[in-house]
Amino acid sequence: MAAGLATWLPFARAAAVGWLPLAQQPLPPAPGVKTSRGDEVLVVNVSGRRFETWKNTLDRYPDTLLGSSEKEFFYDADSGEYFFDRDPDMFRHVLNFYRTGRLHCPRQECIQAFDEELAFYGLVPELVGDCCLEEYRDRKKENAERLAEDEEAEQAGDGPALPAGSSLRQRLWRAFENPHTSTAALVFYYVTGFFIAVSVIANVVETIPCRGAARRSSREQPCGERFPQAFFCMDTACVLIFTGEYLLRLFAAPSRCRFLRSVMSLIDVVAILPYYIGLLVPKNDDVSGAFVTLRVFRVFRIFKFSRHSQGLRILGYTLKSCASELGFLLFSLTMAIIIFATVMFYAEKGTNKTNFTSIPAAFWYTIVTMTTLGYGDMVPSTIAGKIFGSICSLSGVLVIALPVPVIVSNFSRIYHQNQRADKRRAQQKVRLARIRLAKSGTTNAFLQYKQNGGLEDSGSGEEQALCVRNRSAFEQQHHHLLHCLEKTTCHEFTDELTFSEALGAVSPGGRTSRSTSVSSQPMGHGSLLSSCCPRRAKRRAIRLANSTASVSRGSMQELDMLAGLRRSPAPQRQENHLNPGGGGSSELRSHHCTPA
Amino acid sequence: MNWDSWPELVLIQSGKDSVEDEFELSTVCHRPEGLEQLQEQTKFTRKELQVLYRGFKNECPSGIVNEENFKQIYSQFFPQGDSSTYATFLFNAFDTNHDGSVSFEDFVAGLSVILRGTVDDRLNWAFNLYDLNKDGCITKEEMLDIMKSIYDMMGKYTYPALREEAPREHVENFFQKMDRNKDGVVTIEEFIESCQKDENIMRSMQLFDNVI
């Protein structure tokens, strides 16, 4: 504990007098550091709240902001105090660290805010004291997981458009994974769903006894045997569709080995194989039994629905994550079954005509009793048997009830995580739309200003004064900056309308670009896709021109938000999102200074 | 800052009933004598005493240091070796009334002698440290214990490597230098006399003038 060391060091040095008479060599001279014994009180003003502490307290940790000379940057000579424009509530914890040597984590604050404060004051998160360390780590992990989830969800979800040069494979795979990307994918999704349902229903209906039109045979046949061709046709159709789907997926998969090993593909294979095996195997009596067994596997087609239903996937994932609890449940149940079956067997051994003919036979009784089913096909008749039977049923209730809450809570947690992911996706869309609007507002303000002749050096008269008057200092400087950029690159900013007119063509695409160059050559596809509807663009430009004044005021905030977004982890992803809004940077990169 | 003007040993102990056994709190809270008294007894200025007490109280809110704490604190300065034995000797040297704990007065008194005392005072203090049984003379066994504890603090990784007989040799050297009448023990007079004759020791005494 550094605080302790600093305090006790003088004492330890003084105690060295005990070595003096024993020293065989002369001891080295003391360092000339003269610690100021005149202890002074420092005033630290954090957002108006004044904290006062001894200078020595802060000096205990010289590699932090407050302990080193870095705090001199924040010294306000007029008031004689150190001023920090940060959260005073968090500062309390930071200062307590200097005083007690233990950094505590505030429970009601956001963990990211706390981290930021720590980073500002130069404290490493490892300094968090043992009492709060576990909770701090848990909360941080949870936060990180949530952010990672977001990233994954965004990457996997309807993200940016694929580059136009993507191959058929990539587009196909994307259509499969994400049915909402195009209409064809959606249609395919619903069609396969429909056929899965049809197939499953056919399987079920096949076995219902149909009363024949002619009452000649008293024996009722299942429908499958009455209308074998119809069912066979339906089955064939379904299997054809499934086979086609499987082959397409196999073709489109980016990693075929991984796809082959995935659960869903295994289910697909199991769904269609019985049919082919049934075709290949000739219909003779020896193997017809096996053939019938194969039909059972057709019911696995129902699992194909898990591609269509997120809830099913969650359930499956839950079971997988609770594997240890389920294993425990199974194991304990097995143990209990064996014990009780043995006991019951020996208890009922003496009885005549007893059902408990062997221990395995008693298994059935035990299971039925422990799960409180109680069919009643096997009942003990001796008193001992009844006593043990009742103990068996009581213990069954306990054993089963124990792991169930764990599984339930796991399911609940995973389910809520999914809900959160969906909500966040929706929020993100709204936020991006706002950002796009803000960016366009800023650029339009500049273009508007230019249109009104504000940049002309020879401008004069009231018109210029009029439009200059309403610009804030920030705007003025910002516009000056954009103007400098224009002069540097010998290109100018315009709006999409002028650009599309200049290009003389309208290229399809879903993204609009706001800042373009008039004199540029046709660019690569990545950066300039104007809107597909020039009429809409005209209307939009007019509407925006009227609203630039109000939007540009708010643009400062939005630009801050942009900056904040850029700071967040995964900057490369942000570029994709911001690109559609007309990232000036990407376009300017492709510009070059052509002599105008 | 309020200072009490009488020494007070407040012992707060709950009852020894079986029910309250779990809640047994025995806080020994020792408050030192007043600032003025300490100023008289020691050679520290008021400000120095204040700074010392603040540090002491911060580390030991209960007002006293017991041997375990002491050892732990001292060991932080010598991470490589084992300083527990020497720390025990030091503790005994500071604990002048031998009550098993070092209070602030003991602490300050000891520091005052070492840092602000005359050369004779310091030598006296050192002699007191070596004289483990406080009988007024240092025997070879006592010196050997002390020497071993000091060498223990060095730890295993030294250059040149520590040999087994190094402490013993050192003790022999010491006795050769200090034991005038060669009777196998060093008395306080012999000690002080021999030290005053040794230039190195005299010069090194100045090391401790600026520690606080």
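All chains are named by letter (A, B, ...) in the order of the sequence lines, taking the proteins before the strands, and each is independently numbered beginning at 1. Bear in mind the structure is a predicted one, so any value in this text is a computation, not a measurement.
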*For residues B:L90 and A:A15, report the shortest heavy-atom separation together with the two atoms involved.*
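In terms of heavy atoms, the two residues are closest at CD1-CB, 3.5 Å.
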*asked:* Which heavy atom of B:Y86 sits nearest to which heavy atom of A:G18, and what is that distance?
replied: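 Closest approach of B:Y86 to A:G18, heavy atoms only: OH-CA, 3.9 Å.
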Any side-chain heavy-atom pair of [X] and [Y] under 4.5 Å:
{"X": "A:P21", "Y": "B:Y130", "answer": "yes"}
{"X": "A:W19", "Y": "B:M153", "answer": "yes"}
{"X": "A:L22", "Y": "B:I146", "answer": "yes"}

Residues, nucleotides or ligands: over 12 heavy atoms within 6.0 Å of [X] [atom1]:
{"X": "B:Q196", "atom1": "CD", "answer": "yes"}
{"X": "B:K148", "atom1": "NZ", "answer": "no"}
{"X": "B:R180", "atom1": "CZ", "answer": "yes"}
{"X": "B:R168", "atom1": "CZ", "answer": "no"}
{"X": "B:N181", "atom1": "CG", "answer": "yes"}
{"X": "B:E165", "atom1": "CD", "answer": "yes"}
{"X": "B:Q206", "atom1": "CD", "answer": "yes"}

_Quick check for you: to the nearest 0.5 Å, what is the distance between B:L115 atom CG and A:R13 atom CZ?_
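Going from the CG atom of B:L115 to the CZ atom of A:R13 covers 9.5 Å.
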Part of [X] lying under 4.5 Å from any heavy atom of chain A:
{"X": "B:N173", "answer": "side chain"}
{"X": "B:V65", "answer": "side chain"}
{"X": "B:M143", "answer": "side chain"}

*If you tally heavy-atom pairs under 4.5 Å against chain A, which of B:R203, B:K177, B:M205, B:M178 wins?*
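The candidate making the most pairs under 4.5 Å is B:M205.
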*Could you tell me whether A:F11 and B:F56 have their ring centroids closer than 6.0 angstrom?*
no
*asked:* Please confirm whether the ring centroid of A:W8 lies under 6.0 Å from the ring centroid of B:F107.
replied: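 Ring centroids of A:W8 and B:F107 are less than 6.0 Å from each other.
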